[in-house]
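Chain A is the first sequence line, chain B the second, and so forth, proteins listed ahead of strands; every chain is numbered from 1.
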Number of protein chains: 2
Amino acid sequence: MSMAMSMVTRKITTTKIDFMNKSEVKVIGILERVGGFASAQELYQLLQRNGESIGLTTVYRSLQSLVSDKIVDQLRREDGEAIYRLCGDSHHHHLVCKQCGSTVEIEGSAIERWTKAMAEEHGFREVGHTAEIFGICPKC
Amino acid sequence: MSMAMSMVTRKITTTKIDFMNKSEVKVIGILERVGGFASAQELYQLLQRNGESIGLTTVYRSLQSLVSDKIVDQLRREDGEAIYRLCGDSHHHHLVCKQCGSTVEIEGSAIERWTKAMAEEHGFREVGHTAEIFGICPKC
DNA sequence: TGCGAAAATGAAAATCATTTTCATTTCTGA
DNA sequence: TCAGAAATGAAAATGATTTTCATTTTCGCA
Ligand SMILES: [Zn+2]
Ligand SMILES: [Zn+2]
Ligand SMILES: [Zn+2]
Ligand SMILES: [Zn+2]
């Protein structure tokens, strides 16, 4: 559907290696710096602050393309806004303070196993998950 | 509407009914008829077709209220639209098909323990959590 | 090197779910 | 009965995302 995608599809006939266009490289660059999830709007603002010349439309288009090429993961915040991150960033979860908003990244090997087990038990494939813990931190 | 009546009769055994207004009862009635997830817009249209007099704003307001009372579950479709469904009383999580939207309620004792352990480890109190699994179901 | 086609870009408009505003109606309890 | 509170919904506002479309850039090839 997207131009970038059809281009990739066509050129991939022999190898998986292909180039991305300028905008996609910029988006990947900022995602790298962010190191985790960010929304399209946030990425756009970060790029602006970094002095990059790129339009919001193009940020959205690049993200779409990167997602459909499996280079970027797309999830949803609780309010429905889409958030993106580079595939391969280490997977983790969050412990968030309801009061002050401070966040702790936590490892979730237990939850990873639980997810896998539940999915298998019900015959689901291509499984992903979300898990966040909310509470009140020691300081609050 | 007979559907709503049966609902009222059933819910009277709980304390929840005492805090529900007319619109919330209507919304619960249509959710019962739907029997699964539906968006606010869809519920509104169904209510209209059923000849119910209720505004879209009120549907949204009722859903918000029911969600915060833990009577209704709120999830997100892949496109970010919120979807709702009547929820069992006990705490549970969901296994949702990305393709057809079918859902399975799952027990999460493992994840409950994980949550508690993580919270304790970091000194958090008054802890709650969210956890959903997304994948493709056997039928799809 | 130059040209025409294809791809990329982004500003502005459109879309669409959701929220807010606010005036009106309905309910409640003394 | 009546004043204040709660509920309602139409219309406007919001905000993310998509679409449109005119312009610019890149690419393939002679
Ligand atoms: Zn705190
Ligand atoms: Zn995980
Ligand atoms: Zn399915
Ligand atoms: Zn749980």
Any residue meeting side-chain contact (heavy atoms from CB on, under 4.5 Å) with B/Thr130, in chain and number order, not counting sequence neighbours: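 By the side-chain contact (heavy atoms from CB on, under 4.5 Å) rule, B/Thr130 matches A/Glu78, A/Glu132, A/Phe134.
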According to salt bridge (Lys or Arg N to Asp or Glu O under 4.0 Å), who are the partners of A/Arg77, at least two apart in sequence or on a separate chain?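 A/Arg77: salt bridge (Lys or Arg N to Asp or Glu O under 4.0 Å) contacts with A/Glu42, A/Glu81.
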Between [atom2] of [N] and [atom1] of [X], the distance in whole Å:
X	N	atom1	atom2	value
B/Arg76	D/dT17	CZ	P	11 Å
A/Arg61	C/dA7	CZ	P	14 Å
B/Ile54	D/dT8	CD1	C1'	9 Å
A/Asn21	C/dA6	CG	C1'	14 Å
B/Leu56	C/dT19	CG	P	10 Å
A/Leu63	C/dA8	CG	P	15 Å

Is it the case that over 12 heavy atoms from other parts of the model lie below 6.0 angstrom from the CZ atom of A/Arg125?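 Result for CZ/A/Arg125: enclosed.
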Sugar-phosphate only, base, or nothing, as touched by B/Ser53 at under 4.0 Å among non-hydrogen atoms: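 Here B/Ser53 touches the backbone only, sparing every base.
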Classify the nucleic acid contact of A/Ser39 as base, sugar-phosphate or nothing, counting any heavy atom under 4.0 Å across all strands shown.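 Since no nucleic acid heavy atom lies under 4.0 Å of A/Ser39, the category is nothing.
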Closest to the B/Gln41 side chain, choosing from D/dT17, C/dT9, C/dA17: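 The listed nucleotide nearest to B/Gln41's side chain is C/dA17.
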Using the side-chain heavy atoms of A/Lys22, tell me which of these nucleotides is nearest: D/dT17, D/dT26, D/dT8.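 Taking heavy atoms from C-beta onward, the closest nucleotide is D/dT26.
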Measure the angle between the two terminal helix axes of the helix from C/dT1-D/dA30 to C/dA30-D/dT1, five base pairs each, and quote it to 10°.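 One end's axis against the other's: 20°.
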